[in-house]
Amino acid sequence: MQAQPQSIIGTLSPMAIFFFLAFVAVTLGITYWAAKKTKNAAQFYAAGGGITGFQNGLALAGDYMSAASFLGIAGLVSLKGYDGLIYSVGWLVGWPIVMFLISEPLRNLGKYTLSDVVAFRLHPQPVKTAAAVGSLVTVLFYMTAQMVGAGTLIQLMFNLPYESAIILVGILIICYVLFGGMLATTWVQIIKACLLLGGATILVFLTLKSFNFSYPQMFSEAVRLYTPKFLEPGGLITKPLDAFSLGLALMFGTAGLPHVLMRFYTVPNAKEARKSVFYATGFIGYFYILTVTIGFGAAILVGKTFITSIDAGGNMSALALAEHLGGGPFLGFLAAVAFATILAVVAGLTLAGASAVSHDLYVGVFRHGKVKNDQEEMKVAKISTVGIGVIAILLGLLFKKQNVAFMVGLAFAVAASANFPALLMSIKWKRFTTAGAVSSMYTGLAVAVVLIVLSPTVWEDVFQDSSVKARAAAVATFTRLDGYSKDTAKSLATLQTQVAALQVDLAIPDLNAKVKANKTKALATGQADIAVLQGGTFPTALAAAKAAKDQAVAQVNKAPFPMKSPGIFSMGAAFLVGILVSLLKREESAEEMFESEKVRTYVGVGAEGSASH
């Protein structure tokens, strides 16, 4: 069922430009409208608490469904099969934790940021400092990955230089947040969520139509093309403990992401906060079902070879499938939606980072909670917004052509380790102290960062980039040749079809340089393999490939920490240190406030309301 169509991915897409400009025009109009309503700190940080549960649920989904979710998960599934599901499942199951443990206490105890909750009955200065550091680290790592993704996507789809793309994204998010605050950010996220859910639904409908709306038929075709292993675990993560640790980080990291948690202050009360999580869980769960279907559909209908000829990581698989099933206009629409996705997420991250600087550090630490008026805090918040936006641009430019995949994992590891344990213990445990909170947050942050650096994700993939690439190339060559040995005649026919399709694609005028390079490389590889299969030198080539693979593997120094995800250790360390330090010395003032905190947590007496909020 695979087809090798003539692709326009990598060429200038008028439809993509049209949809992108339409989105920008609408969202800038919303920003202008929101700017008229954003007059004080409550409106800037939390939209005055006037967002309904349904609206906030859509906005939460828009904030959470990033380009990593849409393009990344579909790409992982299309290349790795079953194991790509660990991200979709891990990110989804974090939401019941948010609903039952976090949303109500957060809304009733806090004002603008998660540090308000942790510091509710503790000494605010050290707690807010530690919470702000954890929040900023999470935001900046997550933001860097999004910015690099934005630059790469725009470069590919709009033929804009990478640097211009990064600056454009930075200017737009500064405009959204600086002038429209949380109200504009919320509506940008709502519009983006509707577009993304709508576009993905259409793509899945077209995909399932190709299989007579039968999942069994689709999976049977996947098995036929890629063997049963494609539907079994082990394609991406081979160690059970690593899979468990990654799952923990994804689950509990969700409950510690500052840009997600601050959305609970935009609703008028705890009931609406719970409603918003309920709606968000439904939208996000539905979306992840769609991405899995898109991934398998791309693997079957488009094919791994064609997908990797566009982007080696498979990140363009959803767009390749959209072009295959819906043509250029549908591809243009989904490309613009993918870009809108990045804009909406980065806007939320920018606002969360600005809030950590202005509300937690400036007001909570430097001014000890006392400011002359809202305008003073608003001024600092807006300066912080510009600063965070500029930093986002600089990070995007700095990490051009760098492997930033580890940054999303690190962001979730820090959120799960530095933010979530302290947040949970401050709400649930009477004996929790200021020293326990601060030590827990710094321990979680330090252990997560150190272990990520010592893991294969950074130690090998970043520090030994050239050796790792050589190893990957050697392994890929051996695996490819070894696959031909099962049926050389069938493999030869398939290769000839793929080579013919690539030659057609390379004849397209104005093809993006990156896509052209990838396709040229794939064409050369295909032609070389055909020559080997036809020339009778296949056994010799296979033996040479095995020797080259073994040599390349030996040249990479193994990482000191063998696991890719440190979540189980960094979270465990944060909880353990927080508990031990709290048990060393009691904090009577914190214990005395626990009962009143509990009443406010579950009843809402004294909570910030939408009128004053």
Side-chain angles (χ1 to χ4, degrees), residues 64-94 142 145-146 148-149 152-153 156 196 200 203-204 207 218-219 222-223 225-227 229-239 242-247 249-251 253-254 284-285 287-322 334 338 341-342 345 403-413 456-457 461 468 472 475-476 479 518 563-565 567:
Y64 197 68
M65 296 184 304
S66 66
S69 299
F70 178 45
L71 302 177
I73 291 177
L76 275 177
V77 173
S78 69
L79 298 184
K80 302 295 184 181
Y82 176 89
D83 267 13
L85 274 66
I86 190 170
Y87 283 93
S88 55
V89 173
W91 276 329
L92 175 62
V93 296
Y142 206 154
Q146 296 293 322
V148 173
T152 305
L153 177 67
L156 192 64
L196 186 56
L203 183 55
V204 166
T207 301
M218 182 175 75
F219 293 135
V223 169
L225 289 170
Y226 301 114
T227 76
K229 287 187 176 179
F230 197 62
L231 301 183
E232 297 172 1
L236 179 65
I237 300 169
T238 55
K239 301 173 184 176
D242 216 347
F244 180 68
S245 184
L246 175 61
L250 296 177
M251 285 169 56
T254 299
I284 293 165
F287 172 72
Y288 284 138
I289 292 171
L290 299 179
T291 57
V292 170
T293 308
I294 291 167
F296 279 112
I300 299 164
L301 298 173
V302 180
K304 290 184 183 182
T305 303
F306 186 77
I307 291 169
T308 53
S309 74
I310 302 170
D311 179 79
N315 292 316
M316 294 295 116
S317 62
L319 299 181
L321 181 64
L334 272 192
T341 293
I342 293 170
V345 173
N403 181 352
V404 296
F406 74 94
M407 289 191 173
V408 174
L410 181 54
F412 271 83
T457 311
D461 296 350
V468 168
V475 169
T479 304
N518 287 335
M563 294 170 57
K564 290 187 175 182
S565 176

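Distance check, rounded to the nearest 0.5 Å: CG of L85 to CG of L76 gives 10.0 Å. Interatomic distance, T457 OG1 to M563 CE, rounded to the nearest 0.5 Å: 10.5 Å. To the nearest 0.5 angstrom, D83 atom CG is 12.5 Å from K229 atom NZ. Note: L301 CG to L321 CG = 6.0 Å, rounded to the nearest 0.5 Å. The structure places CG of L71 at 9.0 Å from CG of L334, a figure rounded to the nearest 0.5 Å.
For the side chain to side chain donor-acceptor pair (under 3.5 Å) test, residues two or more places apart in sequence or in another chain that qualify with T254 are Y64. For Y142, the ring pair (Phe, Tyr, Trp, His ring centres under 6.0 Å) test picks out H259, F412, with sequence neighbours left out. In this view, Y82 satisfies the side chain to side chain donor-acceptor pair (under 3.5 Å) rule with no residue, not counting sequence neighbours. Residues meeting the side chain to side chain contact (heavy atoms under 4.5 Å, CB included) test with A74, sequence neighbours left out: I294, S317, A318. Every residue two or more places apart in sequence or in another chain that forms a side chain to side chain contact (heavy atoms under 4.5 Å, CB included) with V89 is listed here: V93. Here F296 pairs with F219, F230 under the ring pair (Phe, Tyr, Trp, His ring centres under 6.0 Å) rule; sequence neighbours left out.
A side-chain donor-acceptor contact under 3.5 Å links T291 to the backbone of Y288. Checking side-chain atoms of Y226 against main-chain N and O of G81 turns up no donor-acceptor pair under 3.5 Å. Under the 3.5 Å distance criterion, the side-chain polar atoms of S245 are matched with a main-chain donor or acceptor of G567.
Side-chain contact between T293 and M218 is present, with at least one heavy-atom pair separated by less than 4.5 Å.
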